2 protein chains.
Amino acid sequence: MSAVLKNEDASEEIGTRLKLVRQIFGLTQRELARRAGVTNGAISLIEQNRVSPSISSLKKILDGIPLSLADFFTLNFSPSDNVFFTGEELTEISYDPAISMRMVGRRVKDRALQMLRETYQPGADTGDAMLRHGGEECGIVVAGCLTVTIGVQEKQLNPGDAYYFRSDIPHRFRNQGNEPVILISSNSPPSF
Amino acid sequence: MSAVLKNEDASEEIGTRLKLVRQIFGLTQRELARRAGVTNGAISLIEQNRVSPSISSLKKILDGIPLSLADFFTLNFSPSDNVFFTGEELTEISYDPAISMRMVGRRVKDRALQMLRETYQPGADTGDAMLRHGGEECGIVVAGCLTVTIGVQEKQLNPGDAYYFRSDIPHRFRNQGNEPVILISSNSPPSF
DNA sequence: ATAATGCGTCGAAAATTCTAAACATTGGAA
DNA sequence: TTCCAATGTTTAGAATTTTCGACGCATTAT
């Protein structure tokens with residue numbers, strides 16, 4: 001009943017996944033078939049993993065939910081355990097003593113999102129060798145003045161200022177001021 | 001050459017998308033066919049959008065790249081335009097005068113991520129009817145005390161405290177204190 | 001030049017999926 | 001209980017996709 005759908009288990013089987021999704025949305029095979037403009041028999045066969053639907057069929061079916069193909073393959077119904085975290089409970093993930101990076105939540109697979117509360121002491125510098133894989137990053141400065149270099153562009157960000165870029169562009173964060181900088185950042189998908 | 005793959009254009013056509021991906025990875029139809037264990041003719045037909053491949057075929061083909069189905073449908077090669085934003089440039093997206101939600105970046109499709117700087121005046125309340133589709137959300141309180149209700153759980157979050165949950169769980173944010181609350185939140189995929 | 005190789009495309013046959021109409025099972029109402 | 005409606009399953013045949021082999025067109029080597 002409390003169906004858990006993780007990416008690594010048998011629900012890699014499209015049919016299994018479709019069945020779970022359909023049930024989560026409270027639809028019967030026939031109702032979904034009607035909305036999607038396919039037959040209930042087709043849905044039955046697919047859900048039993050007896051056939052592998054064409055993209056066009058699967059798309060029609062998902063349109064009846066509605067759910068995009070991207071969401072369908074991305075979706076993940078792993079149970080969310082803890083929801084709230086005190087400032088103390090944010091887990092430190094930085095090795096550099098001049099930089100604190102405290103992450104919201106545990107280091108779990110299957111997250112869509114990662115959020116950090118970062119503190120840069122005066123003089124702190126990430127260096128520019130770091131070039132994370134894929135994804136996108138975003139951040140807002142909360143306190144202090146942070147010097148951010150993204151590719152060839154560089155800017156000083158004051159409290160309230162923000163950035164957004166694709167993570168595969170080389171980037172560098174520095175605190176050239178004399179007070180600590182606090183930055184709240186987010187990346188998707190998570191990079192740690 | 002600078003192939004741009006956006007979600008709304010013709011590359012919604014699976015074949016068009018596959019062709020771009022294949023070319024980006026520098027593979028010929030035959031080479032990919034060999035790796036994937038299908039025939040080059042099949043790939044040719046698919047890329048011309050003359051047939052709609054079965055999931056099993058598409059999966060075999062993507063395994064030859066290799067690329068997951070989820071990534072295939074999620075992938076996005078749109079260029080990143082502006083990178084930096086001053087606090088003024090964050091675009092306001094809230095209608096409620098008691099709540100300010102200022103978003104980093106423009107309202108573009110194809111982003112992986114959305115980040116907001118939210119301000120709740122004393123008494124502000126999102127109500128609990130809001131139930132965004134899909135995705136996950138995360139936030140850190142920067143100032144004030146925010147009362148957050150997620151499903152059946154409720155908690156008062158002070159500066160530094162945080163939350164993380166799946167967006168389809170009903171949720172509600174309230175400022176029951178007498179000073180404004182500042183919250184930095186992030187969701188993936190973006191909900192506006 | 002000419003041959004040789006590699007590319008994407010095409011056509012008919014083989015394989016697979018989808019439809020349409022049945023069947024089987026369940027659960028509730030009379 | 002008995003009937004009834006709703007659900008998921010099955011099957012033969014129609015529709016679609018995939019394979020196999022051949023073709024035309026480039027580019028490169030001989």
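The model shown is predicted, which means the values in this text are computed figures rather than measured ones.
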Please report, rounded to the nearest Å, how far the C1' atom of dT16(D) is from the CG atom of L45(A).
-> 15 Å
To the nearest Å, give me how far apart CZ (R50(B)) and C1' (dT18(D)) are.
-> 13 Å
For T39(A), answer base if it contacts any base atom (sugar-phosphate contacts may also be present), sugar-phosphate if it contacts only those atoms, and nothing otherwise; contact means non-hydrogen atoms under 4.0 Å.
-> base
Regarding the side chain of Q48(A), the nearest nucleotide among dT9(C), dG8(D), dT9(D) is dT9(D)
Donor-acceptor side-chain pairing of T119(B) and S100(B) below 3.5 angstrom = no
Whole-Å distance, K59(A) NZ to dT17(C) C1', equals 19 Å
Specify the residue among V51(B) and E47(A) whose closest nucleotide of DNA chain D lies further upstream toward the 5′ end.
-> E47(A)
Given that V38(A) and Q29(B) both sit by DNA chain C, which one's nearest nucleotide is further toward the 5' end?
-> Q29(B)
Measure from CG on L58(A) to C1' on dT16(D) and round the result to the nearest Å.
-> 16 Å
Please confirm whether the backbone N or O of R174(A) pairs with a side-chain atom of D125(A), one donor and one acceptor, at under 3.5 Å?
-> no
Take T147(A) and N175(A) through the test side-chain hydrogen bond (donor to acceptor under 3.5 Å, both in side chains) and record every step on the way to the result.
-> CA-CA 6 Å; T147(A) 305; N175(A) 181 358; over 6 Å; no
Separation of dC7(C) atom C1' from R34(B) atom CZ, nearest Å, is 16 Å
Nearest to the side chain of A42(B), which nucleotide is it out of dG8(D), dG8(C), dT19(D)?
-> dT19(D)
Please report, rounded to the nearest Å, how far the C1' atom of dT9(D) is from the CD1 atom of I46(A).
-> 14 Å
Do the side-chain N or O atoms of S54(A) get closer than 4.0 angstrom to the phosphate oxygens (OP1, OP2) of dT17(C)?
-> no
Establish whether the base of dT7(D) is bridged to the side chain of N40(A) by a donor-acceptor pair shorter than 3.5 Å.
-> no
Should R22(B) be listed as having a side-chain N or O under 4.0 Å from OP1 or OP2 of dC7(C)?
-> no
Which heavy atom of S52(A) sits nearest a heavy atom of S56(B), and at what distance?
-> OG-N, 2.6 Å
So what does S44(B) hit on the nucleic acid, given a heavy-atom distance under 4.0 Å: a base, only sugar-phosphate, or nothing?
-> base
Could you tell me the separation between the CD1 atom of I55(B) and the P atom of dT16(C), rounded to a whole number of Å?
-> 17 Å
Taking the six-membered ring for Trp, are Y163(B) and F173(B) parallel (under 30°), tilted (30 to 60°) or perpendicular (over 60°)?
-> tilted
Between atom CG in N49(B) and atom P in dT9(C), what is the gap in whole Å?
-> 11 Å
Nucleotide nearest T28(B) when distance is taken to its side chain, options dT18(D), dG8(C), dC18(C) = dG8(C)
Base, sugar-phosphate, or nothing for I43(A), non-hydrogen atoms under 4.0 angstrom?
-> nothing
Do the side chain of R30(B) and the base of dG6(C) come within less than 3.5 angstrom through a donor-acceptor pair of N or O atoms?
-> no
